[in-house]
2 protein chains.
Amino acid sequence: MAARGQAGPATIEDVARAAGVSRSAVSKVIRDAYGVSPAMRERVTAAIERLGYRPRVSARGMRGKTFTLGIEIPDLANPFYPLLLAGATAALSGTPYQLVIAPADPAHSEGYRALQALVDRQVDGVIAVSPLVEQAWLSEVSATVPLVMLGRHDRAEEYDTVVSDDEAGALTVMRHLFDLGHRDIAHLTGEPEDSDPGFGVPQAIRLQAYRTAMQEAGLGDRINIAHVPGVTAGAHRAALRLLAETERPTAIVACHDEPALEVLRAVADAGLTADDVSVAGYDGIAIAGHPGISLTTMRQDGERMGRRSVELLLERLAGRTAPRHEVVEPDLVVRSSTRPPRALGGR
Amino acid sequence: MAARGQAGPATIEDVARAAGVSRSAVSKVIRDAYGVSPAMRERVTAAIERLGYRPRVSARGMRGKTFTLGIEIPDLANPFYPLLLAGATAALSGTPYQLVIAPADPAHSEGYRALQALVDRQVDGVIAVSPLVEQAWLSEVSATVPLVMLGRHDRAEEYDTVVSDDEAGALTVMRHLFDLGHRDIAHLTGEPEDSDPGFGVPQAIRLQAYRTAMQEAGLGDRINIAHVPGVTAGAHRAALRLLAETERPTAIVACHDEPALEVLRAVADAGLTADDVSVAGYDGIAIAGHPGISLTTMRQDGERMGRRSVELLLERLAGRTAPRHEVVEPDLVVRSSTRPPRALGGR
DNA sequence: CACATGATGTAGACCGATCTACAAGAGGCG
DNA sequence: CGCCTCTTGTAGATCGGTCTACATCATGTG
């Protein structure tokens, strides 16, 4: 922003005129292309400075690139997603690329809409976080623009993926609870249709791991799954229901930290404590470490996941064609929300 | 997305050819402009459908609009901001506009960079949340594109603003604490240079209100202000220092909920409880209502603020030229983090 | 019946960049 | 000295839309 010729912001034409050179020359300087003499660069740069010229991304996008990467995110209210963004933003600093976020409500069709909006805007690369769009559709998108699917376990040929090892993570949580002595462990997750493991959604993988762990521990008959519509929104009520059962579970595992917070709230509302019911979450959001919450959780390195996603995109833009599928290992953070069950010597 | 002619996604040219009409005709149909017969609309729509045609925003932006509104947000990790986004997104549903978010680290120059990135992308309107950019610069920006400053109290002639009544809110918190019997009340806020009331930043207004309230209560000599670099990041240490003072304050008011959470953590770390030190925040983030936290706070209707910002932009796009400055009233939510001071019979 | 009016569709300029092809000039070399 | 190569800068096509001006045709009207 600075003084400009007449109507509206300066264009490349204005700069060319001011510097006494051609448009092409200015363009070369901007793009740092081959064939510019130091003298010319000097004059053009000065003119750019003087006019406060900024190239318009729309115009650049017509032929070249937009220097924009888009990330589609469902539900920014979930504090795990900002972690991804922090990592993505960090990975982009120092590059000429700008990150733009398209928010999408978690509702089904919203993911499509938001991703489509990014594609319409000619972004140079897309990161998709919405788990509920069809793989085939993503493949089609990736024919137009490089794409990274973040968080879902599908090893597509057409695009890259970055995921956390949800199976190992969920099994680790279960082992932790078994080690504490729990046998009546309930699992709280989303609606059944989203939990089909074929879809590759994290919560589906975690649910499957829960089943496997219970079976292998010989507790197949104690499997207790609460499918909650809207997960976080319905978690409080669902948890109250679990807590009112005659054979109350001694531990509840939620598919994410956010619903786990609601479970904790329900535990408090029911007049119970962590000595009565252990609660474990999954994600490792920051508030889980607050002394008033102190939630045991599997911490996913969201920042790393966001960073790697961007790096994979940049590699694609640099020419890579073979798909890559990255796995990030989560780690268990034990806090005071999980304790031995009362009957076995819990204080 | 669907079948397309040859290389790359279909263009308006392809649609025109497929429908046997001119580009202009297709353009008219897309824009729902005057002069299209039902028959023509029919044929064109069918062709669009068949080819899976989507107009490219870059190309549209060259002459017309981009149907994109941009919002610049510092620090998405602060859960108050997603509230704004939720409101903004909601206000946009049903309109042809798409919201894109440009993330900016809270560092000073980042706000400029992110806002500039949005302007470069030819958005039809901008919402700025970063409080630390100069008013004059914003005025310049608003010569190019309609702008709403969200959260800062400057009644500029060139652009609209949406703010919460921070003065009334902060005074309300103080009255609440006075009513409980507190007299030694400390205030925790950001760095002094950001607290100049002339800047209009919320935390500056709140700090000023704290001063006023203390003065008017005859407690001018007990004013105790902790200026913390990086607010949230430094709040924990700063709170520990306050708690270690010989004349320990009986209440601590933070300029935002996020640092207030850190104060609560410090209180716990120091082996104290809400009976020893009351804590109040400001913003009304959701987690403050969790039983493990239970933080007294001034709730700002972030969703409403986001919604109003978008509505003001839409009005501008519809032709309004006179600036509007909206004020939203916050309300006090009393929870168990504030109690009467021990000396006066707090149990 | 000649003419004004209004509805519908098309041609082509235009937006602001990029990028290819090429011209002009400077050195290098046999 | 003539030719070749390399560097530097320019002209002009191009991207995919929008938008203005205008042509065409059907209809209403005096």
Side-chain angles (χ1 to χ4, degrees), chain A residues 4-45 47-48 51-68 96 119-122 124 144-145, chain B residues 4-45 47-48 51-68 96 119-122 124 144-145:
Chain A
R4 50 206 123 71
Q6 47 250 34
T11 71
I12 202 173
E13 178 82 48
D14 299 331
V15 175
R17 196 162 23 231
V21 298
S22 70
R23 291 199 325 276
S24 325
V26 179
S27 178
K28 276 187 181 181
V29 171
I30 298 170
R31 290 172 294 135
D32 203 24
Y34 175 84
V36 210
S37 67
M40 157 131 268
R41 157 166 291 110
E42 178 76 17
R43 292 176 57 190
V44 171
T45 316
I48 288 177
L51 299 180
Y53 166 74
R54 310 245 348 157
R56 305 207 195 169
V57 174
S58 298
R60 305 185 93 169
M62 292 295 289
R63 300 219 53 170
K65 28 205 303 187
T66 55
F67 297 100
T68 310
V119 173
D120 292 346
R121 275 155 189 79
Q122 302 264 108
D124 296 332
T144 305
V145 53
Chain B
R4 50 207 123 72
Q6 48 249 31
T11 72
I12 203 174
E13 178 82 50
D14 299 330
V15 175
R17 196 161 23 227
V21 299
S22 71
R23 289 198 328 272
S24 325
V26 179
S27 179
K28 276 188 181 179
V29 172
I30 298 171
R31 288 173 295 135
D32 203 23
Y34 173 84
V36 207
S37 66
M40 155 133 278
R41 160 167 287 110
E42 178 77 16
R43 292 175 58 189
V44 170
T45 316
I48 287 177
L51 298 180
Y53 167 74
R54 311 241 352 155
R56 306 206 193 170
V57 173
S58 298
R60 305 185 94 168
M62 292 296 291
R63 297 217 60 169
K65 30 206 300 188
T66 56
F67 298 100
T68 309
V119 173
D120 293 345
R121 277 157 189 76
Q122 302 265 107
D124 296 333
T144 304
V145 54

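Computed from a prediction, not measured in an experiment: that's the story for all the values here. Sequence lines set the chain letters: A, B, ... in the order given, protein chains first and strands last, and positions in each chain run from 1.
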Q) Would you call Arg54(B) and Val119(A) a side-chain contact if the rule is heavy atoms closer than 4.5 Å? A) no

Q | Heavy-atom side-chain proximity of Arg17(A) to Val26(A) below 4.5 angstrom | A | no

(Q) If I take atom CZ in residue Arg56(B) and atom C1' in nucleotide dT14(D), what distance separates them, rounded to the nearest angstrom? (A) 13 Å

Q | Atom-pair distance (CZ on Phe67(B); C1' on dG16(D)), nearest Å | A | 15 Å

Q) Ile12(A) CD1 to dT10(D) P: how many Å, rounded? A) 12 Å

Q | Met62(B) vs Arg41(A), nearer the 5' end of DNA chain D by closest nucleotide | A | Arg41(A)

Q: For the pair Thr66(A) (side chain) and Gln122(A) (backbone), establish whether a donor and an acceptor sit closer than 3.5 Å, ignoring hydrogens and angles.
A: yes

Q. Does Arg60(B) make a side-chain donor-acceptor contact with the base of dT18(D), cut-off 3.5 Å?
A. no

Q: Using atom CG of Asp14(B) as one end and atom P of dG16(D) as the other, report the distance to the nearest whole Å.
A: 8 Å

Q | Side chains of Thr68(A) and Arg121(B) in contact at under 4.5 Å (non-hydrogen atoms) | A | yes

Q: For DNA chain C, note the earliest and the latest nucleotide, 5' to 3', having some atom under 4.0 Å of a heavy atom belonging to chain B.
A: dA7(C) to dG16(C)

Q. When the distance from OH of Tyr34(A) to P of dG9(D) is rounded to whole Å, what number comes out?
A. 11 Å

Q.
In this structure, how many angstroms lie between the P atom of dT10(D) and the CD atom of Glu13(A), rounded?
A. 12 Å

Q: Output the distance between atom CD (Glu13(B)) and atom OG (Ser22(B)), rounded to the nearest 0.5 Å.
A: 10.0 Å

Q) Quick one: on DNA chain C, does Pro55(A) or Ala39(B) contact a more 5' nucleotide (nearest heavy atom)? A) Ala39(B)

Q: Test side-chain contact (heavy atoms from CB on, under 4.5 Å) on Lys65(A) and Arg60(A) and set out the steps.
A: CA-CA 6 Å; Lys65(A) 28 205 303 187; Arg60(A) 305 185 93 169; over 6 Å; no

(Q) For a quick check of understanding: with a heavy-atom distance under 4.0 Å over all strands, which category does Val36(B) fall into, base, sugar-phosphate or nothing? (A) sugar-phosphate

Q. Say you draw a straight line from CZ of Arg23(B) to NZ of Lys28(B); how long is it, rounded to the nearest 0.5 Å?
A. 13.5 Å

Q) Is the shortest heavy-atom distance from the side chain of Val29(B) to the side chain of Val15(B) under 4.5 Å? A) no

Q) Counting only non-hydrogen atoms, which of residues 22-31 of chain B are less than 4.0 Å from DNA chain D? A) Arg23(B), Ser24(B), Ser27(B), Arg31(B)

Q) Base, sugar-phosphate, or nothing for Val21(B), non-hydrogen atoms under 4.0 angstrom? A) sugar-phosphate

Q. Tell me: CZ of Arg17(A) to P of dT10(D), nearest whole Å?
A. 14 Å

Q) Are Ile30(A) and Ile12(A) side-chain neighbours, meaning at least one heavy-atom pair lies under 4.5 Å? A) yes

